[in-house]
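Below is one structure, written out as structure tokens, with a few remarks after it.
Throughout, numbering of the chain's residues begins at 1 and tracks the sequence.
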Amino acid sequence: MTAARDLTRHDGSPLRVLVVDDEVNIAELIAMALRFEGWEITVAHSGSAAVGAAKEIAPDAIVLDWMLPDFDGLEVLRRVRSSQPSVPVCFLTAKDAVEDRVAGLTAGGDDYVIKPFSLEELVARLRGLMRRAGATRVEEHSVIRVGDLTMDEDSREVHRAGEEVTLTATEFELLRFLMRNPRRVLSKAQILDRVWSYDFGGQANVVELYISYLRKKIDAGRSPMIHTMRGAGYVLKAAE
């Protein structure tokens, strides 16, 4: 598979993002969305784990929850900035009072996103922070390949075993998400949030419906690539 990405470290390696949130489901949804950008993601669920991870990986940006089980995000920020003074930090919190926002930014945070939020917004904020911090732009590769399935993201053309597959806009986005994450089980919640941009929720039956549409176009008469993992979600992998 070749995935598109337009921001990297100066040496060409993927950008590293540390996601810190004690709510495991939210942290994993964020991580999934950021991996979709081609970035390397490390997740921490406590302040102490976040400080340790920051020392280990030297992240290019941090998504930092305000409320953590051991000490708060402000303390994480203080400890991380003692050794990495320039790493961009985006606070993630349910606190929406003006004084809280001011406190976070005054302490050295670079941006502030309030729960509930759109993952698209969070990704856009991070991209902006890392561009300003000096991330390098690279030429995008527009073609994704998984087995005999190919997708050109620029022309929006899809082929299976050389035969063109015509998709609607939503079907295309769903297939793109699956192809960007081959052999990775994607839950209905993750698919909803990425493809339909719902704020951590939505109607799961729309996912089932569109998966059935894709199967009719991608798998009909061929070895299946889209598989249901009962109780977990869906996975796309090359046909055996």
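The hydrophobic clustering, which links ILVMFWY residues whose side-chain heavy atoms are closer than 4.5 Å, places L236 and L209 together. A continuous path of hydrophobic side-chain contacts links V113 to I26 [ILVMFWY only; heavy atoms under 4.5 Å]. The same ILVMFWY cluster, assembled from side-chain heavy atoms under 4.5 Å apart, contains both V206 and L167. Hydrophobic clustering of Ile, Leu, Val, Met, Phe, Trp and Tyr side chains at less than 4.5 Å, counting indirect connections, keeps V146 apart from V185. Hydrophobic clustering keeps M229 apart from M32 (ILVMFWY residues linked when any side-chain heavy atoms are closer than 4.5 Å, directly or through intermediates).
Checked for salt-bridge contact, R125 and E120 miss the test: no charged N lies under 4.0 Å from a carboxylate O. A salt bridge does not link E171 to K216: none of the charged side-chain nitrogens sits closer than 4.0 Å to a carboxylate oxygen. Salt bridge present: E163 and R222 bring a charged side-chain N and a carboxylate O closer than 4.0 Å. Contact check on R35 versus E40 returns no salt bridge, with no Lys/Arg side-chain nitrogen under 4.0 Å from an Asp/Glu carboxylate oxygen. The pair R176-D152 does not count as a salt bridge, with every side-chain nitrogen at least 4.0 angstrom from each carboxylate oxygen.
A distance of 11.0 Å separates CG in L92 from CG in D111, rounded to the nearest 0.5 Å. Note that the CG atom of L126 and the CD atom of E37 stand 9.5 Å from one another [nearest 0.5 Å]. A distance of 11.5 Å separates CG in D65 from OG in S46, rounded to the nearest 0.5 Å. If you take CZ on R183 and NE2 on H227, they are separated by 8.5 Å, rounding to the nearest 0.5 Å. Going from atom CZ of R156 over to atom CD of E153 covers 9.0 Å, rounded to the nearest 0.5 Å. The OG1 atom of T166 sits 9.5 Å away from atom CD of E157, with the distance rounded to the nearest 0.5 Å.
With contacts defined as side-chain heavy-atom distances shorter than 4.5 Å, the pair D70/L68 qualifies. For the pair L34 and V123, the minimum side-chain heavy-atom distance is below 4.5 Å. Between N181 and F36, the closest side-chain pair of non-hydrogen atoms falls below 4.5 Å. Between D148 and M225 the shortest side-chain heavy-atom distance falls below 4.5 Å. No side-chain heavy atom of V195 sits under 4.5 Å from any side-chain heavy atom of V207. When side chains are defined from C-beta on, L149 counts as touching M179, because their heavy atoms get closer than 4.5 Å. A 4.5 Å side-chain heavy-atom check between V165 and L175 finds every atom pair outside the cut-off. You'll find the side chain of L18 stays beyond 4.5 Å of the side chain of L64, heavy atoms only.
Across S223 and A239, no two heavy atoms sit closer than the pair CB-CB, 3.6 Å. Minimum interatomic distance between C90 and Y112 (heavy atoms only, all atoms of both residues): SG-N, 4.3 Å. Of all heavy-atom pairs between P59 and A54, the closest is CD-O, 3.4 Å. V43 approaches A31 most closely through the heavy-atom pair CG2-CB, 3.8 Å.
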Please lay out, stage by stage, how K217 and V158 fare under the test side-chain contact (heavy atoms from CB on, under 4.5 Å). CA-CA 10 Å; K217 295 184 177 183; V158 175; over 6 Å; no
In sequence, state the C-alpha distance, the side-chain angles, and the governing distance for F91 and D110, and then conclude on side-chain contact (heavy atoms from CB on, under 4.5 Å). CA-CA 8 Å; F91 274 112; D110 300 282; over 6 Å; no
Y234 and F177: CA distance, side-chain angles, deciding distance, side-chain contact (heavy atoms from CB on, under 4.5 Å) verdict: CA-CA 11 Å; Y234 302 96; F177 188 35; over 6 Å; no
Worked verdict on K188 versus E208 for side-chain contact (heavy atoms from CB on, under 4.5 Å): CA-CA 8 Å; K188 291 177 182 178; E208 298 172 5; 2.4 Å; yes
Checking R215 against T228 for the side-chain hydrogen bond (donor to acceptor under 3.5 Å, both in side chains) test, could you report, in this order, the C-alpha distance in whole Å, the side-chain angles of both residues, the deciding distance, and whether it holds? CA-CA 11 Å; R215 280 183 167 138; T228 300; 2.7 Å; yes
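L174 pairs in a side-chain contact (heavy atoms from CB on, under 4.5 Å) with only one of the listed residues (L186, I226, T168, I191), which is I191.
At distances below 3.5 Å, at least one donor-acceptor pair connects side-chain atoms of R81 with backbone N or O atoms of V87. Not a single donor-acceptor pair under 3.5 Å links the side chain of R79 to the backbone N or O of V51. Side-chain atoms of H45 come within 3.5 Å of backbone atoms of D21 as a donor-acceptor pair (strictly under, hydrogens ignored).
Every residue two or more places apart in sequence or in another chain that forms a ring pair (Phe, Tyr, Trp, His ring centres under 6.0 Å) with Y213 is listed here: Y210.
Around CD of E56, the count of heavy atoms belonging to other residues, nucleotides or ligands within 6.0 Å does not exceed 12.
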